[in-house]
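Counting starts at 1 for both ligands and their atoms, following the listed order. As a basis for the values below, the full set of heavy atoms in this structure was taken, side chains included, without hydrogen atoms, waters or symmetry mates.
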Amino acid sequence: MMGWIILAVMLIAAVLGLVRSSYERDCLTTTEYTICSPKLSPEFEGKRIVFLTDLHNKSFGEENQRLLKAIDAASPDMVLIGGDTMVARGQEKCPLEVTLELVSALTEKYPVYYGFGNHELRLKTLPVYKETYRQFLRELRNAGVRILDDTGVTFHGEKGSLTISGLTLTRETYHHVVKKALERGYIEKRIGCVQENDVRILMAHNPLYQEEYAAWGADLTLCGHYHGGTIILPFLGGVMSPDYHLFPRVYRGRYETGEKTMILSGGLGTHSINIRFGNKPEVVLLVLKRD
Ligand SMILES: [Fe+2]
């Protein structure tokens with residue numbers, strides 16, 4: 001008898017959890033972070049940057065109208081996209097409609113910079129996506145998006161510059177139980193060195209390499225990929241990361257390494273495990289300050 005009661009309680013809890021998850025997956029939130037750097041040239045004081053990641057074809061309302069409204073409400077000076085806007089599993093077609101619709105709407109109002117996640121990397125590297133990738137690049141460029149695939153863009157100010165770089169990590173750095181070490185000088189080789197008086201914002205999809213990004217010199221690193229750990233439990237934090245770690249050290253929020261900061265977004269969508277619990281979809285707003 002007791003066994004049946006426990007089973008019934010577990011089933012009810014699972015059903016309630018799924019109902020809550022399906023509600024949460026539609027609840028957009030905006031998280032604001034103030035990013036301070038004494039190196040910041042006065043021209044960049046108060047600049048507002050929206051960071052989006054891991055949309056995975058999710059649409060908040062028709063043509064993502066609710067997401068666009070949330071971005072407008074943040075009044076950004078620019079929008080950064082941190083990758084995984086679509087779902088590219090490698091075996092099937094990869095629809096791009098949601099991605100292209102969103103970037104087209106965004107570029108009408110804001111400068112848009114696009115860094116790659118592991119799904120864009122599959123588009124770029126898997127032969128099955130050769131034509132889709134070409135179309136993807138063509139459409140992004142036509143829309144006026146600046147693609148940051150192992151490259152960056154620098155804004156010059158009177159007392160220093162601000163550089164936004166996109167690092168496209170290799171496939172080996174994703175989905176491994178044991179962390180694969182980056183070879184010596186890996187980031188420098190891909191995107192160069194950090195100059196003095198340059199505030200460096202780095203989009204790097206995988207947060208696993210937080211220390212390596214900081215050691216390279218990123219003042220602010222923007223990551224996603226972990227989807228907030230899928231389920232966030234009180235006191236315990238995010239439950240799992242896509243590289244099969246239970247209760248990862250980082251899952252969502254602000255993390256510091258010395259004077260370097262990493263913002264790990266909970267992301268916007270889901271795929272494969274379509275669950276969000278205690279972990280609402282997130283638009284990240286960054287406000288730059290000198291002190
Ligand atoms: Fe990802």
Before we go on, tell me: are the rings of His227 and Tyr251 under 6.0 Å apart, centre to centre? no
Of all residues at least two apart in sequence or in a different chain, which pass the side chain to side chain contact (heavy atoms under 4.5 Å, CB included) check with Lys109? Asp72
Mind checking side chain to side chain contact (heavy atoms under 4.5 Å, CB included) for Thr163 and listing every partner two or more places apart, or none if nothing turns up? Thr154, Ser165, Asp198, Arg200
Taking only residues at least two apart or on different chains, which pairs with a member in residues 129-155 satisfy ring-ring contact (aromatic ring centres under 6.0 Å, His included)? Tyr114-Phe136
Measure distances from the Fe ion (ligand 1) and count the protein N, O or S atoms below 2.8 Å. 4
Will you find, in the side chains of Glu256 and Thr261, an N or O donor that is under 3.5 Å from an N or O acceptor? yes
Among Lys280, Lys58, Arg20, which one satisfies salt bridge (Lys or Arg N to Asp or Glu O under 4.0 Å) with Asp26? Lys58
